[in-house]
Amino acid sequence: MIRERWPDNTRFIMAAIGAAVGGGCFTAFPPAALAHGGAAFLIPCMVAIATVAGPLLALELGVGLCFQGAAPESLRKVHRRAEWLGWWSTVVCAVLALAGAAAMAWFALYAWDAALALFGNRPLPWGTSVESARAHFQHTFPDADQQRAADALAGLHPSGSALLLLALVWLLLHAGLVNGFARIGNWTMITFPLAVVLLVVLGVANLSQDGAVDGVATYLSPQWGELLRLDTWLAAYGVVIPSLSLGLGVFTAYASYLNRNADVTGVAIITVLAGSGYAFLAGFVVSSAAGVLAAASRLPVSEVPLDALATAFVSYPAALANFAFPHWVQALLALVLFTTLFALTLDTVLGLLVAVLSALADRLHREWSDLVAWTCVLGFLASALFCTNTGPRLAETLGDLLTPFGLALAAAGQCLALVWTTGADGVHRHLNAYSVVPVGRTWRFMIAAATPLALLALAVQRAVQMTDSAPAADQPGWLLTGAALTTCVLAVLAAWSLTVGPRRLP
Amino acid sequence: MRGRLIAIAWLVLAVALAASFVGQVVGARVREDHFAQLADFTVETDPDVRGVLLTEAEAVLAGELARERPDKALLVRAFAVTVAKQGPAAEAWRVQVETRARSRIETELARRSPDQIVLREAWDVLALANPDLAPGLLERIAAVTGDHSARLAALREAVVDLVRLSGHPDGDDRLERVARARADLIGEGATRMNWAARESAPVTTLLNAAGAAALGHFNALLAPYRTQPPGERAADQPARLRAAWAQLKAMDLVAGDAETTAVYAAAVRRDRVPPVGVAFSVLMTGLLFGGLAVAFRRVARGPSPIDPMAETLENVEPIDLDTDAETLASKGRTTGADETHAD
């Protein structure tokens with residue numbers, strides 16, 4: 001079967017950057033930096049980039065390039081018993097893509113609110129305080145802020161407008177994917193630069209406001225004591241790896257559509273640096289917004305709620321409503337904020353879906369357009385679960401479970417499988433044959449030891465955290481631990497079952 | 001065929017696991033519904049509704065008592081409804097609950113490492129059924145984790161020091177010491193103080209004193225911002241306040257009302273980025289974006305020409321793999337040797 005190719009290197013690089021720079025760079029990294037020592041947190045992040053992110057990205061790209069298949073197919077070529085590891089990460093990709101598509105619908109919903117305020121020259125509907133913004137979020141997604149895991153699944157009520165927007169999102173994704181890699185490349189040539197420009201616009205607007213400097217000062221003031229805590233280092237690895245969409249097989253799938261003599265180590269470096277650079281800039285933007293909100297609410301910056309959901313839907317929108325600008329400018333900036341988040345998530349979801357579709361295409365040898373159509377229809381139906389009242393909390397809980405027990409364990413398993421077999425040798429030789437930046441023994445050490453160790457540490461730390469925090473959060477420990485284990489086991493079983501069924505010949 | 005059967009078996013197992021998880025979630029939801037229903041019970045409840053709720057409560061209570069490990073919260077709530085609200089079978093339930101809870105406590109205390117959660121649940125229920133028995137059992141449970149007098153003494157000494165140096169620069173270290181001693185005393189872990197010991201009168205009093213001393217020091221640091229004009233405050237006061245605030249957070253203490261928080265927020269607010277922060281941002285910008293520019297340049301330039309005489313030639317042979325990939329796009333538009341092997 002003829003394998004499609006990227007039209008050119010520029011589009012491939014932009015698509016890779018787009019896949020790497022997701023909403024996490026905006027909503028996960030800055031809050032983590034503010035919580036773990038400000039500028040001092042950048043040191044463990046740089047170490048995580050050097051020891052895990054860079055080597056892992058080069059490995060993923062190298063595997064796709066060398067073996068010309070998505071993660072399951074490539075790992076099958078390495079060793080037939082390693083295929084299920086590829087399917088494991090593909091299953092995780094699929095779930096994250098569903099949550100990502102739903103997140104795009106939520107951003108669109110808030111962007112719609114902002115557009116109404118813009119054209120009506122009205123105040124932003126979520127008000128100026130954390131409490132009012134939280135209440136608006138609760139109104140949009142009733143009961144979404146409940147802490148109990150059981151409540152996240154119970155009493156689902158679909159949100160009509162969110163479902164409508166979700167259908168549009170899947171139509172958009174279908175349009176992006178159905179014509180193959182030329183269109184994906186063309187889209188990311190627009191969306192990523194747009195996200196950069198809009199981020200700069202937000203940053204400039206923030207810095208003109210009272211209190212913004214306090215937020216930036218908090219972000220850039222290093223608390224060196226944090227570097228002595230293991231939690232800080234694990235938090236850095238925990239932010240860097242999922243924020244750059246690593247360990248999911250996205251880059252393996254992307255690289256499998258390059259000619260085998262393409263250069264990818266340079267692309268790996270560019271992608272990691274672009275992702276890190278974007279997250280670093282987003283840190284300025286989010287921290288300055290937190291400073292504005294803190295000044296307006298007469299709170300210290302440390303008391304502004306800044307988890308992933310709160311940053312996107314509570315704190316930043318509330319900060320915008322406090323800007324000393326006319327209502328229409330506030331609404332315009334809110335539109336800019338949610339457009340940025342939408343664009344970032346779109347590129348990432350396209351990457352996640354390509355990983356899933358490529359795995360299916362390698363396996364089933366069906367027409368790409370058929371696979372895209374079926375995936376989008378099923379994806380819409382499945383992601384409708386995230387457009388219910390408890391959708392955001394459910395997505396957050398799933399992400400919380402899938403990062404350590406899906407992504408980290410699958411990526412660690414893939415590294416070890418490649419090192420154990422001759423796969424890593426092959427990738428090593430292949431990368432050095434064609435790439436502008438050769439990889440050496442240090443890279444081999446990183447993928448054989450540092451990367452699996454860091455990924456396993458993430459999973460262990462999360463398991464320990466869940467066991468410790470469960471009674472305090474009034475959650476039965478077994479429920480959360482069971483949910484985590486069930487998620488993990490289900491992903492593994494689904495992955496394994498996909499490897500042993502009948503294989504259709506090309 | 002065998003592979004397909006294995007796949008089906010795994011999928012069945014996966015579905016069973018998923019169903020089990022959903023079952024647990026549904027069970028938790030049913031429990032919540034029971035809570036909600038029983039929580040509606042008040043003395044003003046309509047007699048008809050009251051009768052229905054009492055029947056429901058007794059059914060829940062009977063179900064929970066029959067289980068190996070009753071759901072404490074639900075049991076307490078059901079018990080409260082049936083017993084505390086003077087239901088018709090109140091006394092009978094009270095005796096049953098007391099016997100059950102006491103037997104559970106004795107069983108746990110007889111074990112080498114008792115389960116503190118079970119003890120806590122059982123003691124809560126017992127305290128509801130028979131408040132006279134509760135203090136004596138609490139002392140016995142508190143004694144399980146051993147003697148804590150040394151840690152108590154350390155915290156007491158730290159608190160006395162902090163009270164003496166409240167607001168003084170040396171008080172910052174003492175506050176840190178109090179926070180450490182407190183964490184050492186009541187931190188999680190089998191060898192540390194358990195919940196019963198923590199709730200005993202001497203410990204509660206000492207913890208309250210520690211909290212009061214910490215808040216006293218914080219408020220002393222904050223006092224100049226309430227009373228003095230800006231010029232008369234020490235330059236290092238905001239940094240000391242931030243450190244004190246962090247210690248209060250570590251001790252799970254709330255600094256005060258909204259007004260105190262606002263004064264603190266105004267006190268620690270910065271109008272410019274510290275020089276080390278500026279240096280850091282310049283360094284990071286240089287590293288990230290400089291590196292990005294260099295990488296872009298390298299990639300655009302392509303790989304260096306291959307020297308046929310180089311010893312490394314043998315190392316650049318690509319791996320020969322079985323792949324059925326073919327190129328679709330025309331040679332001129334592909335990403336491949338023509339682009340990357342520039343001469």
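Protein chains get the first letters and strands the later ones, always in sequence-line order, with residue 1 at the start of each.
The most heavy-atom pairs under 4.5 Å with chain B, out of A:T265, A:L299, A:V301, come from A:L299. Of the listed residues (A:A295, A:G266, A:G277), the one with the most heavy-atom contacts under 4.5 Å to chain B is A:G277. Interface summary for chain B: among A:I269, A:L42, A:I13, the most heavy-atom pairs under 4.5 angstrom belong to A:L42.
Under a 4.0 Å N-O distance rule, the pair B:R269/A:D210 qualifies as a salt bridge.
Contact annotation for A:Y257: neither backbone nor side-chain heavy atoms come within less than 4.5 Å of a heavy atom of chain B. The contact between B:F296 and chain A is made by backbone and side chain atoms together, counting heavy-atom distances below 4.5 Å. Interface remark: A:V272 contributes no atoms to any contact with chain B (heavy atom separation under 4.5 Å). Only the side chain of A:I43 comes within contact range of chain B, with heavy atoms under 4.5 Å apart. Contact annotation for A:E303: only side-chain heavy atoms (C-beta onward) come within less than 4.5 Å of a heavy atom of chain B. Heavy-atom distances place no part of A:L431 under 4.5 Å from chain B, backbone and side chain included.
Taking OG1 of A:T218 as the reference point, atom CZ of B:R270 lies at 4.0 Å (rounded to 0.5 Å). Considering CG of B:L288 and CD1 of A:I49, their distance stands at 6.5 Å, rounded to 0.5 Å. Distance check: B:R297 CZ to A:I270 CD1 gives 13.0 Å after rounding to the nearest 0.5 Å. Here the straight-line distance linking atom CG of A:L273 with atom CG of B:L287 works out to 9.0 Å at 0.5 Å rounding. To the nearest 0.5 Å, the span separating SG on A:C45 from CE on B:M284 amounts to 8.0 Å.
Here the closest heavy-atom approach between residue B:T261 and residue A:P300 is recorded as CG2-CD, 3.7 Å.
For the residue pair B:R242 / A:S302, no side-chain donor-acceptor distance below 3.5 Å is found, with atom types taken as modelled.
In this structure the side chain of A:V213 never reaches within 4.5 angstrom of the side chain of B:D271, judged on heavy atoms. Considering only heavy atoms from C-beta on, A:P222 comes within 4.5 Å of B:V276 through its side chain. A 4.5 Å side-chain heavy-atom check between A:D263 and B:V299 finds at least one atom pair inside the cut-off. Looking at A:Y219 and B:S281, their side chains never come closer than 4.5 Å, going by heavy atoms from C-beta outward.
For B:R272, the CZ atom counts as loosely surrounded, since its 6.0 Å shell holds 12 or fewer non-hydrogen atoms of other residues, nucleotides or ligands.
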